[in-house]
2 protein chains.
Amino acid sequence: MAKAKKRLSIADLAQELGVSVSTISRALNNAPDVSETTKAQVWELARRLDFQTNTLAAALRSGRSNMLGVVVPHINGAFFPEVVHGIEDLASEAGFNVMICQSNEEVTREEKQIDALLKAQVDGVLVSISATTHTFGHFEKVRQQGVPLVFFDRMPDIPQVCGVVLDDYRGAYQVMEHLLAQGCRRIAHLAGPPLLNTTFQRHRAYREALLAHGLPYEPHLVVQLTESDMAAGAAAMEQLLQLPELPDAVFAAYDFPAGGVLQVLEAHQIRVPEDMAVAGFSNEPFTTMVKPQLTSVDQQARHMGETAVKLFLQMLKRTDNYVGQRIVLKPKVLVRDSSQYGRVAHQALRLTR
Amino acid sequence: MAKAKKRLSIADLAQELGVSVSTISRALNNAPDVSETTKAQVWELARRLDFQTNTLAAALRSGRSNMLGVVVPHINGAFFPEVVHGIEDLASEAGFNVMICQSNEEVTREEKQIDALLKAQVDGVLVSISATTHTFGHFEKVRQQGVPLVFFDRMPDIPQVCGVVLDDYRGAYQVMEHLLAQGCRRIAHLAGPPLLNTTFQRHRAYREALLAHGLPYEPHLVVQLTESDMAAGAAAMEQLLQLPELPDAVFAAYDFPAGGVLQVLEAHQIRVPEDMAVAGFSNEPFTTMVKPQLTSVDQQARHMGETAVKLFLQMLKRTDNYVGQRIVLKPKVLVRDSSQYGRVAHQALRLTR
DNA sequence: ATGAAAGCGCTAACAG
DNA sequence: CTGTTAGCGCTTTCAT
C-alpha cells in the first residue's frame with residue numbers, strides 16, 4: 001500500500017503551469033477576472049492530477065467553510081431523517097456540505113455539538129432542540145459570532161428566533177375534533193415533554209378542544225410519557241387501564257407510544273376503535289402497517305427541512321443583525337381505522353376553528 | 001444584536017497572561033511539559049473569556065482534525081441510526097467528533113461525500129457502501145492519503161479491506177432452517193441488491209438451505225426488490241400471488257418489505273402463518289407491533305458501530321500500511337408469530353450447521 | 001489579467 | 001519549563 005503521499009497544493013499547480021498561486025486560486029474559484037484560457041488550463045491540470053483543494057485552509061483564511069451544521073435530538077423514526085433529507089437536498093444545491101449531529105436529547109451534548117460546529121466554523125446552524133434544553137446560552141453564542149441560526153420543529157421559547165415549525169396546535173386540535181365527532185367523550189392523552197413547544201401545543205390543543213366541547217379536562221386522563229417509544233406508550237396504557245372508568249379514546253403525542261397502546265389493547269382484548277379509538281402524531285411509516293391502521297398527523301418533514309435551509313440562505317444574504325422570520329407549516333391529519341368507526345371513506349377534515 | 005465580534009485567539013490569551021503563544025497552546029492541549037500553575041492559569045483565563053480554540057487552524061497545522069467521517073446509505077429505519085449511535089458513543093469517548101453523511105444509495109453522492117470528508121481532513125472514514133457502488137476508486141483514494149478506512153455492514157468486494165459485518169449467511173440460513181422445520185416447502189424470497197454482500201449472502205443462504213434440504217431452487221419464487229420499503233414488498237407479494245401454485249412462506253431480505261407482504265396477505269385474507277409464513281431481516285421496532293409479530297434477525301447494530309470505531313482506533317495506532325482485520329458478528333434469529341405455528345414459546349434456534 | 005505578499009490561528013521543532 | 005520561529009494551504013488586498 002502506498003505511503004501517504006504529500007497532497008498537492010495550489011503551489012504545485014502554480015509551479016507546473018508557471019503562474020502564481022493567486023492565479024490558481026482565482027481560477028479554481030471561478031473568479032471573474034481570470035482569462036478563460038488560463039482558467040481552462042488550471043482546471044484541466046487539476047483534473048488530471050486529481051487535485052483536491054484543502055477546504056480547511058480555505059475556510060481558515062476566508063472565514064467561510066461552506067458547511068452547514070445540523071443538530072437533531074435523534075434520528076430514530078422517520079421524521080428527523082426526512083427533515084435532514086430536505087435539508088441536504090437544498091443545501092447541497094446551494095453548495096453547502098451538511099454536518100449532522102445528534103444531541104441524543106441531552107442539553108449538554110447539544111451544547112458540545114454546537115461548540116464543535118462553531119469551532120469548525122460552519123456557515124450556519126440548524127437546530128431542533130433536545131427535550132432537556134431549558135437554557136439557551138449556547139444559542140446566544142452562535143448569534144454573537146454572527147452565524148445564522150435557524151430552528152426547526154422544536155424551537156426554544158426565546159424572542160427573535162428564526163425558524164420553521166409545524167402548527168402542532170392545529171394538527172392536534174383537528175385530531176381531537178375528529179375523535180369528538182366520532183362520539184368519543186373520555187379522551188386520554190399521552191403527553192410528550194411539557195417544555196417542548198411541539199408537545200406543549202399538542203397538549204394544549206387536547207385540553208382546549210375538550211373545554212370547547214363542554215367536556216372536562218381530567219388530569220388523571222393525561223399520562224406524561226418519559227420516552228417516546230412503544231414501551232412508554234404501553235406502560236402509559238397499562239396505567240390508564242387501572243382507572244375505575246376507562247377512556248374511550250387515546251390521543252398520543254407521538255406515533256410509537258400509540259403503537260404501544262395498540263399492543264396493550266390487543267393483549268387485553270379491547271377492540272380498536274369500537275371500544276377505544278387511538279390516534280398518534282407523526283405519520284410514521286409503520287402506522288399503515290399495524291392493524292388497525294393508526295390515525296396520525298403528517299408533519300411535512302421534507303418541506304420543513306427545505307424551509308429551514310431557505311431561511312438560512314435568507315439570513316446569509318441580509319445584514320448582520322437581521323433576525324429571520326418564523327414560518328408555520330400546516331399539518332395534515334390522516335384519519336385511519338384506529339379511530340374511525342364504520343370505516344367510512346373519510347375526507348381530510350375540514351375545520352372551522 | 002451584537003455584531004460578530006472578532007473571536008479571540010491564543011495570541012490574545014498569551015498577551016493577557018504575559019506568556020508566549022506556545023505556552024498557551026501547550027497548556028490548552030495538556031502537554032506534559034507545562035507547569036501546573038501556568039496550565040491552571042491558562043485554563044482559568046480560557047474559561048473566563050469563553051475561549052474556543054480554532055479547530056480549523058489546529059487541524060490545518062497538525063494534520064489531525066479529530067473528526068471521524070461516516071458515510072451511510074441512508075438513515076431510514078432503525079439499523080443505521082443505531083449503528084451511528086454505537087459509533088458516536090465510542091468515538092466521542094476517544095475524543096473524536098463524528099460527521100455523518102448519507103450517500104442516498106447513490107455512488108456519485110458517495111464519492112462526493114468521501115471527497116468532502118477527505119478535504120475536511122478527517123482522521124478516518126467509516127463507510128457502509130451504497131447499493132449502487134460497483135467502482136471503488138474513491139476508497140482507494142482514501143487509503144492513498146493514509147486515512148484509515150473501515151467498512152461496516154456493507155462492504156466492497158475488494159482485497160485487504162478492514163471492516164465489520166454481520167454473518168448474514170448464517171442469519172438467513174437459520175431463518176430458512178426454522179421455516180423448513182415448520183414444514184414450509186415452497187419458500188419464496190424477496191431479494192435485495194445482488195451486488196451487496198449483505199443481501200447477496202441472504203440470498204445464497206436461501207438457495208443453499210433449500211438445496212441442503214433436497215428442495216429445488218425455483219427462480220420464479222425469487223423476486224428482486226427494487227426498493228427496501230413496504231410498497232416494494234407489497235408489489236412483490238402481489239406478483240407472487242399470480243403464481244399458479246402459491247408459496248407457503250416468504251423470506252424477505254429486509255423487514256419493511258416483509259411488512260408490505262403482511263399487508264397484502266391480509267388484504268387477500270391469507271392467514272399468517274397458517275397459510276403462509278413470513279420472515280424479514282433487521283429486527284426493526286415495528287416488527288413487534290404488527291400482527292402477527294414478524295420473525296426477523298437482529299443485526300447487532302450498536303455493537304457493529306462500536307466495533308467499527310475500535311477497528312479505526314487500531315489502524316490509527318499501527319503503521320502506515322497496516323491493513324486491518326475483518327470482523328464478523330453473529331446474528332440472532334428472533335422467531336415470532338409470523339412464522340411460528342401453534343405459538344409455542346420458542347427458544348432461540350440452536351443450530352448445528 | 002496576473003503576481004507579490006501578508007496573514008487566518010494554530011502547532012511543533014528548536015533553542016534556551 | 002518556556003519562548004522564538006517557521007510554516008500548514010489557502011485567500012485577498014494591493015500593485016502592476
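- Within the 4.0 angstrom heavy-atom criterion, base atoms lie near Ser22(A).
- Listed nucleotides: dG3(D), dT2(C), dC10(D). Nearest to the side chain of Ser9(A): dC10(D).
- The phosphate of dC8(C) has neither OP1 nor OP2 within less than 4.0 Å of any side-chain N or O from Arg64(A).
- Here the P atom of nucleotide dT13(D) and the CZ atom of Arg26(A) are 11 Å apart, to the nearest Å.
- Within the 4.0 angstrom heavy-atom criterion, base atoms lie near Asp33(B).
- For the residue pair Gln145(B) / Gln52(A), no side-chain donor-acceptor distance below 3.5 Å is found, with atom types taken as modelled.
- Between dT2(C), dC10(D), dA6(D), one nucleotide has an atom nearer to the side chain of Arg61(B) than all others, and that is dA6(D).
- Neither OP1 nor OP2 of dT11(D) sits under 4.0 Å from any side-chain N or O of Ser62(A).
- Note: CD1 (Ile24(A)) to C1' (dA5(C)) measures 17 Å, nearest angstrom.
- With respect to Val142(A), the side-chain contact (heavy atoms from CB on, under 4.5 Å) criterion is satisfied by exactly one of Leu117(A), Asp115(A), Val125(A): Val125(A).
- Set against dG3(D), dG9(D), dC10(C), the side chain of Asn54(A) has dG9(D) as its closest nucleotide.
- What separates CD of Gln121(A) from C1' of dC10(D) is a distance of 13 Å, to the nearest Å.
- Taking only side-chain atoms of Val21(B), from C-beta outward, the nucleotide of dT5(D), dC14(C), dC8(C) with the closest atom is dT5(D).
- Leu8(B) places its CG atom 14 Å from the C1' atom of dC10(C), with the value rounded to the nearest Å.
- When the C1' atom of dC10(C) is taken as reference, atom CD of Gln52(B) falls 15 Å away, rounded to whole Å.
- Per the geometry, CG belonging to Leu17(B) stands 14 Å off C1' belonging to dG3(D), to the nearest Å.
- For Ser20(B) and Leu28(A), each mapped to the nucleotide of DNA chain D holding its nearest heavy atom, the one lying further toward the 5' end belongs to Ser20(B).
- For Ser35(B), counting side-chain heavy atoms from C-beta on, the closest listed nucleotide (dT2(D), dG9(D), dA1(C)) is dT2(D).
- Here Ser25(A) lies in heavy-atom contact (under 4.0 Å) with a base.
- Straight-line distance from the CD atom of Gln15(B) to the P atom of dT4(D): 13 Å, rounded to whole Å.
- Donor-acceptor pairing under 3.5 Å is lacking for the side chains of Ser22(B) and Ser25(B).
- The distance between atom CG of Leu56(B) and atom C1' of dC10(D), rounded to the nearest whole Å, is 11 Å.
- Of the possible donor and acceptor atoms, none in the side chain of Asp123(A) sits under 3.5 Å from a partner among the backbone N and O of Pro148(A).
- At distances below 3.5 Å, not a single donor-acceptor pair connects side-chain atoms of Ser65(B) with backbone N or O atoms of Ala59(B).
- Between Glu105(B) and Arg154(B) there is a salt bridge, with a side-chain nitrogen of the basic residue lying less than 4.0 Å from a carboxylate oxygen of the acidic one.
- Closest contact between the side chain of Thr23(A) and the listed nucleotides dG3(C), dG9(C), dT12(D) involves dG3(C).
- Counting any heavy atom pair closer than 4.0 Å across all strands shown, Thr38(A) reaches sugar-phosphate atoms only and no base atom.
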